[in-house]
Amino acid sequence: MFYEPGVTEHGLPHDPFKACVIPRPIGWISTRSPTGTANLAPYSQFNNLTFDPPYVMFSANQTATNTRKDTVVNAESTGHFAWNLATYPLREAVNISAEQVPYGVDEFERANLTKEYGSLIDVPMVKESPVKFECTYHSTIRLPGHPPMGTVDVIIGRVVGVHIANWALNDDGILDVRKTEPIARCGYYQYAVVRETFDMVIPGMSEDTLYGLEGSSRMNRERHLRDKEGEKKDDGEGGEGGHTASAS
């Protein structure tokens, strides 16, 4: 089958687009309003962008009444937001926090969750979640779409603090998904839970390249320092521009 979104009909009982891009990590984003009210909502269009420094993004479509989501308003107004790992044991709370309620309603209370405040930002986080990011707001990219819900705000934030529960790490110091049981969004009303992984290392890649796949900021900065030292050494041996001046 083939169809052009918004031009020709797909002919299926349900739209398949979101079901094609799976699984999608869930951005369980907590914010605080300018007046201090806590807000919590899941966004299935979420991901990390880079690792040194780390940035994340989530996108929030407008509401059915053609207004911006509370999370977007709060993040832009206060300059902060937090990400909380959505897990299988917390799935019902995630679902409850997804309900659209009037601005100013505390979803932590509605979902019976415990607030835990960050070390660097004044935003409540989900204490029951084993992994949390403290984020500072960076920018918004607003993509136009058809009303009422097509327009989307893409929020980018810099991760300034990471919280990981000790029990979520295995003996090798690796964050163990078999312990955290993260959930992901699939198509329609479907979700998935991650309990198994497998390793693959790209053949022929150097160690310096592989650290990018790991996302090691330490190794990236060490590489940068080595490159800088190499440049200084070349300049010192060859003079300015690395060339030896000839005698006249």
Side-chain angles (χ1 to χ4, degrees), residues 14-31 40-61 71 81-99 107-108 111-114 116 118 124-135 152 154-159 161-203 205 210-217 219:
H14 302 284
D15 198 307
F17 171 70
K18 285 188 175 182
C20 296
V21 185
I22 60 168
R24 301 190 303 277
I26 296 173
W28 204 14
I29 307 297
S30 53
T31 57
L40 179 67
Y43 295 88
S44 65
Q45 294 160 149
F46 165 87
N47 222 315
N48 68 305
L49 295 172
T50 185
F51 65 96
D52 187 23
Y55 284 86
V56 295
M57 59 73 63
F58 68 92
S59 62
N61 287 89
T71 305
F81 66 89
W83 170 78
N84 309 268
L85 181 65
T87 66
Y88 188 75
L90 295 172
R91 64 193 183 281
E92 295 299 336
V94 173
N95 200 35
I96 291 172
S97 68
E99 184 180 352
E107 284 86 359
F108 282 83
N112 196 28
L113 293 166
T114 309
E116 178 181 55
M125 303 181 298
V126 178
K127 185 176 182 179
E128 292 84 353
S129 176
V131 185
K132 276 95 68 173
F133 293 166
E134 299 183 42
C135 306
V152 65
V154 182
I155 306 297
I156 299 173
R158 177 173 175 173
V159 179
V162 177
H163 301 258
I164 301 175
N166 291 333
W167 61 260
L169 301 170
N170 64 21
D171 294 338
D172 295 323
I174 292 176
L175 185 59
D176 194 337
V177 298
R178 292 171 297 182
K179 294 181 177 182
T180 59
E181 295 184 297
I183 59 174
R185 193 72 170 87
C186 296
Y188 317 113
Y189 304 109
Q190 302 165 346
Y191 290 79
V193 57
V194 182
R195 295 192 179 100
E196 295 183 14
T197 63
F198 61 93
D199 287 358
M200 288 197 304
V201 178
I202 299 175
M205 296 188 73
L210 288 172
Y211 75 71
L213 296 178
E214 176 189 332
S216 174
S217 59
M219 295 182 69

### Message
Apply side-chain contact (heavy atoms from CB on, under 4.5 Å) to residues V56 and F81 and explain how you reach the verdict.
### Response
CA-CA 11 Å; V56 295; F81 66 89; 4.2 Å; yes
Can you see which heavy atom on [X] is nearest to which on [Y], and at what distance?
{"X": "N170", "Y": "K179", "answer": "CA-NZ, 3.9 Å"}
{"X": "A168", "Y": "I164", "answer": "CB-CG2, 4.4 Å"}
{"X": "V159", "Y": "C135", "answer": "CG2-SG, 4.0 Å"}
{"X": "P25", "Y": "N47", "answer": "CG-ND2, 4.1 Å"}
{"X": "C186", "Y": "Y191", "answer": "SG-C, 4.0 Å"}
{"X": "M125", "Y": "A82", "answer": "CG-CB, 3.7 Å"}

Neighbour count above 12 (heavy atom, 6.0 Å) for [X] [atom1]:
{"X": "F51", "atom1": "CZ", "answer": "yes"}
{"X": "R178", "atom1": "CZ", "answer": "no"}
{"X": "Y189", "atom1": "OH", "answer": "no"}
{"X": "K127", "atom1": "NZ", "answer": "no"}

If we ignore hydrogens and angles and just use 3.5 Å, is the side chain of [X] paired with the main-chain N or O of [Y] as donor and acceptor?
{"X": "E181", "Y": "V193", "result": "no"}
{"X": "T50", "Y": "Y55", "result": "no"}
{"X": "R185", "Y": "Q190", "result": "yes"}
{"X": "W83", "Y": "I26", "result": "yes"}

### Task
Tell me, with the steps shown, if S30 and V126 meet side-chain contact (heavy atoms from CB on, under 4.5 Å).
CA-CA 8 Å; S30 53; V126 178; 5.7 Å; no
Quick one: [atom1] on [X] to [atom2] on [Y], what's the gap to the nearest 0.5 Å?
{"X": "K18", "Y": "R24", "atom1": "NZ", "atom2": "CZ", "value": "6.0 Å"}
{"X": "I29", "Y": "S97", "atom1": "CD1", "atom2": "OG", "value": "10.5 Å"}
{"X": "L169", "Y": "I174", "atom1": "CG", "atom2": "CD1", "value": "9.5 Å"}
{"X": "S44", "Y": "N61", "atom1": "OG", "atom2": "CG", "value": "8.5 Å"}
{"X": "T31", "Y": "E107", "atom1": "OG1", "atom2": "CD", "value": "8.0 Å"}
{"X": "D176", "Y": "D171", "atom1": "CG", "atom2": "CG", "value": "9.5 Å"}

Check whether any side-chain heavy atom of [X] sits under 4.5 Å from a side-chain heavy atom of [Y], and report yes or no.
{"X": "E128", "Y": "T87", "value": "no"}
{"X": "K132", "Y": "E116", "value": "yes"}
{"X": "F58", "Y": "T71", "value": "yes"}

#### Entry: Trace of the side-chain contact (heavy atoms from CB on, under 4.5 Å) decision for L90 with L113
CA-CA 9 Å; L90 295 172; L113 293 166; 4.3 Å; yes
#### Entry: L40 vs N84, side-chain contact (heavy atoms from CB on, under 4.5 Å): CA-CA, chis, key distance, verdict
CA-CA 10 Å; L40 179 67; N84 309 268; 4.0 Å; yes
